[in-house]
Amino acid sequence: MRMHLTTAAAGLLLLAGVGAAAAQDVIIQPEQETVIKEYVHKQPLASIKLPGVELNVGTALPDTVELHEVPNVKYRYVVVDNQTLVVDPGTRKIVKIIQ
């Protein structure tokens with residue numbers, strides 16, 4: 001009986017974790033993405049290097065990285081390793097990678 005409760009509890013915790021991760025997903029609307037891409041194309045930045053930082057959606061960038069504003073969009077951007085990263089300025093997490 002104890003084994004079944006432990007397994008059930010572990011299953012619930014796993015499902016709760018998956019739900020919390022899904023709730024944190026950021027969806028950029030297509031029109032916002034278009035605005036960002038056009039702005040980045042018109043305002044190119046020099047690419048920087050961030051050794052030891054994995055460039056994945058959800059990765060938080062160090063405070064030393066300067067984020068650049070896109071007018072009328074809540075997100076910021078930076079170019080790292082020739083990839084444009086769209087970043088949430090509040091959390092500094094990467095929300096989209098534009099190749």
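Along the sequence shown, the residues carry numbers beginning at 1.
- A donor-acceptor distance shorter than 3.5 angstrom exists from the side chain of R92 to the backbone of P62, with no hydrogens or angles considered.
- The only option from L45, V78, I98, I97 that meets the side-chain contact (heavy atoms from CB on, under 4.5 Å) definition with T84 turns out to be I98.
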side-chain contact (heavy atoms from CB on, under 4.5 Å) between L55 and V80, worked out: CA-CA 8 Å; L55 301 180; V80 179; 3.7 Å; yes

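- Not one N or O on the side chain of D81 forms a donor-acceptor pair closer than 3.5 Å with the backbone of Q83.
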Hey, can you pull the donor-acceptor pairs under 3.5 Å for the side chains in residues 28-44, sequence neighbours left out?
| residue | atom | partner | partner atom | Å |
| --- | --- | --- | --- | --- |
| E33 | OE2 | K37 | NZ | 3.3 |
| T34 | OG1 | P30 | O | 3.0 |

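- V79 is connected to V86 through a chain of hydrophobic side-chain contacts under 4.5 Å among Ile, Leu, Val, Met, Phe, Trp and Tyr, so both are in one cluster.
- Note: E69 CD to R76 CZ = 4.5 Å, rounded to the nearest 0.5 Å.
- The CG atom of L61 sits 11.0 Å away from the CG atom of D88 when rounded to the nearest 0.5 Å.
- If you chain together hydrophobic residues whose side chains sit under 4.5 Å apart, I48 and I94 fall into the same group.
- In this structure, CG on L85 lies 9.5 Å from CG on L67, to the nearest 0.5 angstrom.
- Taking hydrophobic clusters as Ile, Leu, Val, Met, Phe, Trp and Tyr residues chained together by side-chain heavy-atom distances below 4.5 Å, Y77 does not share a cluster with V87.
- For E54, the side chain to side chain donor-acceptor pair (under 3.5 Å) partners at least two apart in sequence or on another chain are N56.
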